[in-house]
Amino acid sequence: MKIIILGAGRVGQSAAASLVSESNDITVIDTDAQRLRDLEARLDLRGVVGNGIDPAVLAEAGARDTDLLIACAAQDETNLVCAKVAQMQFNVPRCIARVRTNGFEDGSALLSREGFAVDHILCPENSLVRYIGKLVEHPGALQVREFADGRACLVSARARAGAPAVGLEIKLLREQMPDVAVRIVAIYRRFPDEPDRFVPCDGATRIEPGDEVFALAGRERVPQVLAALRMRPGQPPRVVRRIMMAGGGVVSERLARALAAEQGRFNIKIIEHDAQRCVALASNLPEEVLVLQGESSDEELLGEEGIEEVDFFLALSNDDENNIMSCLLAKRMGARRVLALIDRQAYAELMHGTQIDIALTPAQAMLGELLAYTRQGDVQAVHSLRRGVAEALEIVARGDRKSSRVVGRRVEDLPLPPAVHMGLIVRGLPDPDAPPPPEGAIVPVQPRAPEVIIPRSHTVIESNDHVVFFLPNKRLVREVEKLFRVNAIFF
């Protein structure tokens, strides 16, 4: 696929690195020549210096035969205008634009072909709010990724000694949790003086303390999965009530507003050093959100505000170093869990799994939305994992036994690569592409409710099944996509 990326900032660089690794033809446009040279030295792509709203620059970048434009420059106006110029001048078939401003939604008239010609809006700030919101909902999780319109989740957690599932072989989990539809799809294990190493999962694999365990389950089963990996028998379930945020930027404001909408559930405090910004936050946010002026690295301030009673400390400022130091201080002073928003990927990798429970990059939260638009076949959701090496993929089975290599066939008969792990199937979701029933046809009053299925060797794939895979190496993605592709002449 030929892709143009406008903007070589953090989001643009992360998108370029991920897409280049999938053998796409990438061209990046930016006004900073040095930044482009550095990017060309690291990645196999081409850089074009110039303004992305200039038709001549787009033409030089190859817009005439481009499949996808990703406009992620710093200014919303630049991204929207670039998308419109690309559509009007070069008929680029698909455009994605990064827009921070609220009010632009997919499918609106403003983004139609007659408007700005944007097929999908990316907003890293909103992606972060949704991502962190899931971590608040599920204490103990390192990641929570949704599939099938939120009916299924991939959750990762650090196994804790004494928890029911820790020390057991995976095949015994079914006996321990007979009512929980869950599939362990990956384990990353710590070794001395080495980064976490991937451990292939089969029935004989034993979960050890300290393992980072990835499990797929229905949404309502996630608390039970986390309890099995994290909670000792008899220990009361953990809930998040007290939240403290360091930094009063856009992410903190939107997250506080979203959490405050659940009235009475959370006690929220925001620490911001700028007095004018504090006034703006206090004016814009609900009155139950307490805004404090000060430095998040001020030990005295944290002590006065009861940091030892905080369930979740979130460092969300624009300063990586300040976020890291604030989290380390908060953890030392007794905060139960801490999360640091870290713009630099190298810093995030360095901090992951240390005293900082979760090191999160903005690109990590929204990269899946972007990847879903670059995939072949009927890919519904993509989540990049383990610093872009691994991936979780939701794909829909289409066609029938004659046109599909998977529909009507048992799982054990599918020619999947050995390393690919089929985690679960969501069956019974409405098909938006299905034709309406013929006039006079009998339509059931109660349609079949969607169900989450843990596939066994004898499970038969049906048309419109949403199948979720875990791939330890994203190089396997194309093989899975090819397998699920509908072919009119396949028999």
Side-chain angles (χ1 to χ4, degrees), residues 125 128-144 155 157-158 160 222-223 226-227 229-232 234-273 277-278 280-317 322-342 351 354-360 365:
E125 291 80 7
L128 281 168
V129 169
R130 289 192 295 269
Y131 188 101
I132 297 172
K134 290 298 174 186
L135 297 175
V136 172
E137 182 181 350
H138 299 291
L142 298 175
Q143 296 185 64
V144 181
V155 59
R158 188 75 65 182
R160 178 175 291 176
V222 169
L226 290 173
L229 293 169
R230 301 276 303 166
M231 309 297 292
R232 295 181 178 89
Q235 186 177 357
R238 285 187 172 180
V239 293
V240 173
R241 292 281 185 256
R242 298 177 181 87
I243 299 173
M244 184 179 289
M245 304 181 197
V250 174
V251 175
S252 293
E253 181 178 357
R254 294 183 183 178
L255 179 61
R257 183 176 288 110
L259 295 176
E262 304 182 47
Q263 296 181 358
R265 182 179 174 187
F266 300 106
N267 179 302
I268 304 170
K269 297 179 181 179
I270 299 177
I271 300 176
E272 167 60 39
H273 68 89
R277 180 58 180 163
C278 285
L281 287 170
S283 302
N284 296 333
L285 291 173
E287 60 182 11
E288 56 264 31
V289 178
L290 179 61
V291 180
L292 305 166
Q293 183 185 358
E295 297 293 337
S296 58
S297 56
D298 184 342
E299 187 172 359
E300 184 177 349
L301 175 61
L302 294 180
E304 290 175 353
E305 296 303 325
I307 188 65
E308 71 279 359
E309 297 179 352
V310 168
D311 300 309
F312 209 173
F313 180 88
L314 307 168
L316 305 175
S317 76
N322 190 63
N323 288 343
I324 291 170
M325 296 307 296
S326 297
C327 279
L328 292 175
L329 178 60
K331 191 72 170 182
R332 184 177 66 82
M333 295 182 68
R336 182 174 292 176
R337 277 183 101 212
V338 299
L339 177 150
L341 184 63
I342 303 176
M351 291 295 106
T354 62
Q355 295 97 324
I356 295 177
D357 298 293
I358 303 170
L360 177 63

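Rounding to the nearest 0.5 Å places NE2 of H273 at 14.0 Å from CG of L292. Distance check, rounded to the nearest 0.5 Å: CZ of R277 to OG of S252 gives 8.5 Å. Put simply, CG on L229 and CZ on R160 are 11.0 Å apart, with the number rounded to the nearest 0.5 Å. In this structure, CZ on R257 lies 8.5 Å from CZ on R254, to the nearest 0.5 angstrom. Atom CG of L255 and atom CG of L316 lie 7.0 Å apart (nearest 0.5 Å). Rounded to the nearest 0.5 Å, atoms CG (L290) and CD1 (I270) are 9.0 Å apart.
Here the side chains of E137 and V144 are not in contact, with every heavy-atom distance at 4.5 Å or above. Counting heavy atoms from C-beta outward, K134 and Q143 have side chains that stay 4.5 Å or more apart. Using a 4.5 Å heavy-atom threshold, the side chains of E253 and L285 count as touching. In this structure the side chain of L360 reaches within 4.5 angstrom of the side chain of I132, judged on heavy atoms.
For R130, the salt bridge (charged side-chain N to carboxylate O under 4.0 Å, His left out) partners two or more places apart in sequence, or in a different chain, are E369.
Environment of CD in E262: crowded, with over 12 heavy atoms of neighbouring residues, nucleotides or ligands closer than 6.0 Å.
Contact detail for I342 and A359: the closest heavy-atom pair is CD1-CB, 4.0 Å. The nearest pair of heavy atoms linking L281 to E272 is CD1-CB, 4.4 Å. Between V289 and A260 the shortest heavy-atom distance is CG2-CB, 4.1 Å. Of all non-hydrogen atoms in L341 and S317, the two that sit nearest each other are CD2-O, 4.4 Å. Contact detail for Y131 and L142: the closest heavy-atom pair is OH-O, 4.0 Å.
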In a table with atom names and distances, give each donor-acceptor pair under 3.5 Å that connects a side chain of residues 326-336 to protein atoms at least two apart or in another chain.
from, atom 1, to, atom 2, distance (Å)
S326, OG, S296, OG, 2.8
S326, OG, N322, O, 2.7
K331, NZ, R336, O, 2.8
K331, NZ, D357, OD1, 3.4
K331, NZ, D357, OD2, 2.9
R332, NH2, E299, OE2, 3.3

Return a table of donor-acceptor pairs under 3.5 angstrom between the side chains of residues 303-312 and protein atoms on other chains or two or more places apart.
from, atom 1, to, atom 2, distance (Å)
E305, OE1, K269, NZ, 3.0
D311, OD2, R241, N, 2.8
D311, OD2, R242, N, 2.8

Checking side chain to side chain contact (heavy atoms under 4.5 Å, CB included) for the pair F266/V136: CA distance, chi angles, key distance, verdict? CA-CA 10 Å; F266 300 106; V136 172; 3.6 Å; yes
Go through the steps to decide whether N267 and M244 satisfy the test side chain to side chain contact (heavy atoms under 4.5 Å, CB included), and finish with yes or no. CA-CA 8 Å; N267 179 302; M244 184 179 289; over 6 Å; no
I would like to know whether L226 and H138 meet side chain to side chain contact (heavy atoms under 4.5 Å, CB included); could you show each step before the answer? CA-CA 8 Å; L226 290 173; H138 299 291; 3.7 Å; yes
Given the rule in the side chain to side chain contact (heavy atoms under 4.5 Å, CB included) test, do F313 and I243 qualify, once you have shown the distances and angles that lead to the verdict? CA-CA 6 Å; F313 180 88; I243 299 173; over 6 Å; no
